[in-house]
Amino acid sequence: MAVELCLLLLLFCGSTISEVQPIYKPPPGTLDFGFVPAKTYDTGAYHEPGPIGILFKVVHAFLYLVQPNPFPQDLIRKLAQQKFGNSQGDYQKAIYYEIGFIVSAALGLLFILLLPLVGLCFCMCRCCDNCGGEMHQRQKKNADCQRSCFATFLFVASLIISVGVLCAYAANQHLTSQVRGAKKLVNSNFKDLKVFLNDTPAQIDYLVSQYNTTKDKALSDLNNVGPLLGSRVQEQLGKEVRPALDAALTMAGAIRETKEALENVSVSVEVLQEGTERLHANLTDVKMHLSNTLNDSACAAAQAASTCNIIRNSLNQLNINANFSGLPGVSSQLAKVNDVLKIDLSSLVQKGYAAFNDTPDLVVNQTKNILSDIKNVLESIGSNISNFTKALPVQKIIADLTVYLTQSEAYVQDYFPVVEQYDFYRWLGCLILCCMVVLIVIFYYLGLLCGTCGYDKHASPTTRGCISNTGGNFLMAGVGFSFLFSWVLMIVVVLTFVTGGNIEKLVCEPFEDKTLFKVLDTPYLLNQHWKNYLSGILFKNPNINLTFEKVYSDCKENKGIYTSLHLEHLFNINEFLNISMYTEDVALRIEHIQINLSKIILLDEIGKENLLNFSSSGIEGINFGAYLTEINKSVTKVDLLSFANDLEARADQLPKGALENALKGHANNIRMIHSQQVVPLEQAMSTLNQSIRLLKRTSSELMVKVKNVISAVNAAQLLINNNASQVIVQETKKYMDTIVGYFEQYIEWVKESIAMEVAACKPIANVIDTAVDIFLCSYVTDSVNTFWFGLGGSSIFLIPAIIFAVKLSKYYRRMDTEDVYDDMENGNNGYHKEHLYGIHNPVITSSVEQW
């Protein structure tokens, strides 16, 4: 009943999220659904026995020696199917498997039968003064050596018996303490099962509530359809639109630069023409004055003649080099460009940019009605989920399971005192058995103690002291109790050995390596009509491959019960995780989004005409060669500064006087002309050079450039007007995939949560581990096996202890007669007396050789 209710509960878990089914597989931005709430289970299905675990391992090793054969799966299957014995080899296989236990049990039974019989015969023999019953001890040369050996062997045997009984006592105490502590472990398992039940509704609610995360993200994207869909459309169209507008804007800037360059050329040419005329006049005056100075009589002197001639010959260099008066003007081109600039082409291009950048707003305005319908669909999905969840009787199922679990817990709690009471009886019985062995060992220890301490090597056997005699009596008492108790001990040992050993081999070991589950999963084993028993019980369909081993392993890994029990065969969650009817509606509505971008005008006809007017402005007709020819010349034929410096240097070669001073004055005048006239002309030439070269670059294939710009703008406009629908369809598909992808993420998350987290069945595996691995195997079987191992070892070593104790008691007890010898110093033969200490007994004569 409990299992069926658990299954039903998990079925409802699946049905609560029955509105999710992936249609498309775009991996959109990852949604964060958080973690499914899960409580921590208290039960740790692992038992650490502590120091006594060493004894458990020793016992396991001993059992492996007794029975090293593998688990008999075939025999167990035949036994379960009631087919054991149909084949002649079944009994042989069983005997072969159990041969170790059979031989050991046979030896134990032989011990049980023979030891009391031997004890009876021994007592009767001693009563007839045989078997050591005669109170006479023959004197031997190695008597001391024999006594020491017997005492040592008996002591060692007693120690081994003591260790065995201590092991048995420790196992007995361990079992009792574990049984008493099992209540806490059982309560922990019940607590985990309650947590398992109580936590499941919260997990269901959490899975349902996370639909809001999906819905909110979808609504957020729908509300931002402009930045999302519109921006995507704009981005795709912008691959052609933006370069076209950028080219048009660049051309508008080129028009302004052309105007500035033409103005600079016009002004620079005028400045250069005026400046060169003025410079030419000034240089002519300088040459005239220098010539007059050089015609002075002072130059006729022998010292100045050569210098003056050199200066006179260099006067021709004082002249202008570049002639700008013949350069053509650019006034007509400038006028046409000014006419072009009357229309602000940059403003027109910016309007195109603005219109194109309004694409997201156009998308928002044109999708209002469709997006409203989509939002209504999303709200209806959430409403259906809530209504379906409310209709599920989850709380009733949980309540029924909780009642069943509470009743089971109460039943276990009621029987715990009975279990503890019977365990007390068991503990007391085992303690009595241990006390039997302890009593025997105490007699042996007391006998060894009294015998060793009271032994006097100078005393004859008939004159031994009371303590020594008491020691011998203790040894014989130990022997007597050994005969009385040993067979009882061995009966218990044989019974617990056969039972505990087979449980260890047939249950515990195969449970640990899961071989036991493989046997249980054998087809038609537990029900001859069902191939798979577990699926037959749960689903009424034995053909479903559901195994005990897989269920246990999955629960051990704390997977969800839906995965562990393969509940998809009873309740296929994929059939309920289906919102295709909703997502298809959403997808269909998104696909029907129609966005018209024909209102976007990138560049009107006025702007295009303006570009054509610029291309026909005539700047390509400027004689750039003439300009560059003059610009590449220097302003004067000679560097005036160098000429002035040279003139001053030659004046220094002349004798001091008026001629020297006059020449230096002319040099300073030339320097002034350079700084005031040549330097400004050079600056004007630089400006002219830059402007001419700019105009040359701009005019190069200007018509082709303009036509290319206009063609690019027309192509972009054509794309927007005619081919934008294809781009819009593609981007709308991606946008739709993103929206639907949120539901896909929700579906996958729900599936994974149901498979791994919802109703994780670790407590079920813990219950099995607690019952079998911990309680039956670790608590009970290991303790029982250690008990018989210790008690059996003690019982077996009682046999050598009996022999050594009987032999040793002869050396401790006071004898009635002893061997007597004459003084052999005079060579007399020995003789014997018939009356010693008033007791008449025959005395055996001994020769010297017998010593």
Kindly list each side-chain donor-acceptor pair under 3.5 angstrom involving residues 407-417, sequence neighbours excluded, with atom names and distances?
unit_1	atom_1	unit_2	atom_2	d
Ser408	OG	Tyr404	O	3.0
Glu409	OE1	Lys194	NZ	2.8
Gln413	NE2	Asn187	OD1	2.2

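With contacts defined as side-chain heavy-atom distances shorter than 4.5 Å, the pair Phe155/Tyr445 qualifies. Proximity of Ile799 to Phe111: side-chain heavy atoms (C-beta onward) are separated by under 4.5 Å at one or more points. Side-chain contact check for Tyr96 versus Gln92: every heavy-atom pair is 4.5 Å or farther apart. Pro800 has its side chain out of reach of Phe153: every pair of non-hydrogen atoms, C-beta onward, lies at least 4.5 Å apart. Contact annotation: the side chain of Arg426 approaches that of Leu175 to within less than 4.5 Å [non-hydrogen atoms, C-beta and beyond]. With contacts defined as side-chain heavy-atom distances shorter than 4.5 Å, the pair Phe443/Leu439 qualifies. Considering only heavy atoms from C-beta on, Phe787 comes within 4.5 Å of Leu433 through its side chain. Two residues are said to be in side-chain contact when any heavy atoms from C-beta on lie closer than 4.5 Å; Leu526 and Phe548 meet this criterion.
Panel note: side chain Asn502, backbone Val498; a donor-acceptor pair is recorded below 3.5 Å. A donor-acceptor contact shorter than 3.5 Å is absent between the side chain of Asn172 and the backbone of Ala168. Using a distance-only test at 3.5 Å, with no hydrogens or angles considered, a donor-acceptor pair links the side chain of Gln67 to the main chain of Asn69. Within the 3.5 Å criterion, the main-chain N or O of Ile503 finds no donor-acceptor partner in the side chain of Thr781. No side-chain donor-acceptor contact under 3.5 Å links Asp773 to the backbone of Phe511. A donor-acceptor pair is defined here as one N or O able to donate and one able to accept, closer than 3.5 Å; no such pair exists between the side chain of Ser188 and the backbone of Lys184. Panel note: side chain Thr522, backbone Val519; a donor-acceptor pair is recorded below 3.5 Å.
Scanning all heavy atoms of the two residues, the minimum distance from Pro49 to Gly53 falls at CG-CA, 3.7 Å. Residues Gly108 and Val494 approach most closely at CA-CG2, 3.7 Å, considering heavy atoms. Heavy-atom minimum distance, Gly478 versus Ile440: O-CG2, 3.8 Å. Residues Pro116 and Ile112 approach most closely at CD-O, 2.9 Å, considering heavy atoms. Closest of all the heavy-atom pairs between Ala171 and Ser783 is CB-O, 3.2 Å. Closest non-hydrogen pair, Cys761 versus Ser564, comes out as SG-OG, 3.2 Å.
The structure places CG of Leu193 at 6.5 Å from CG of Asn189, a figure rounded to the nearest 0.5 Å. The line from CD1 of Ile764 to CG of Asp192 is 11.5 Å long, rounded to the nearest 0.5 Å. The CZ atom of Phe775 sits 11.0 Å away from the OG1 atom of Thr770 when rounded to the nearest 0.5 Å. Note: Leu448 CG to Leu475 CG = 6.0 Å, rounded to the nearest 0.5 Å. Cys149 SG to Leu154 CG: the interatomic distance, rounded to the nearest 0.5 Å, is 12.5 Å. Here the OG atom belonging to Ser486 is positioned 6.5 Å from the CG atom belonging to Leu798, to the nearest 0.5 angstrom.
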* Give the intermediate values and the outcome of side chain to side chain contact (heavy atoms under 4.5 Å, CB included) for residues Cys167 and Phe789. => CA-CA 8 Å; Cys167 292; Phe789 182 76; 5.7 Å; no
* **side chain to side chain contact (heavy atoms under 4.5 Å, CB included) between Leu506 and Tyr97, worked out** => CA-CA 11 Å; Leu506 296 176; Tyr97 177 79; 3.3 Å; yes
* Candidate pair Asn785 and Leu63, rule side chain to side chain contact (heavy atoms under 4.5 Å, CB included), full reasoning -> CA-CA 9 Å; Asn785 288 339; Leu63 285 174; 3.8 Å; yes
* To do: Decide yes or no on side chain to side chain contact (heavy atoms under 4.5 Å, CB included) for Phe483 and Val479, but give the supporting numbers first.
  => CA-CA 6 Å; Phe483 282 120; Val479 171; 3.5 Å; yes
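Residues forming a salt bridge (charged side-chain N to carboxylate O under 4.0 Å, His left out) with Lys556 (at least two apart in sequence, or on another chain): Asp769.
Between Phe517 and Tyr552, the ring planes are parallel. Angles under 30° get that label, and only those over 60° would be called perpendicular.
Sorted by first then second residue, the salt bridge (charged side-chain N to carboxylate O under 4.0 Å, His left out) pairs that include residues 776-794, not counting sequence neighbours, number zero.
Heavy-atom neighbours of Phe190 CZ from other residues, nucleotides or ligands within 6.0 Å: above the threshold of 12. Under a cut-off of 6.0 angstrom, the local environment of CD1 in Ile54 is sparse, with at most 12 non-hydrogen atoms contributed by other residues, nucleotides or ligands.
Using modelled atom types, one finds a donor on one side chain and an acceptor on the other under 3.5 Å when comparing Ser482 with Tyr444. With hydrogens and angles left out, the side-chain atoms of Lys559 and Ser553 include no donor and acceptor closer than 3.5 Å.
Put simply, the residue from Phe56, Tyr169, Trp427 that forms a ring pair (Phe, Tyr, Trp, His ring centres under 6.0 Å) with His174 is Phe56.
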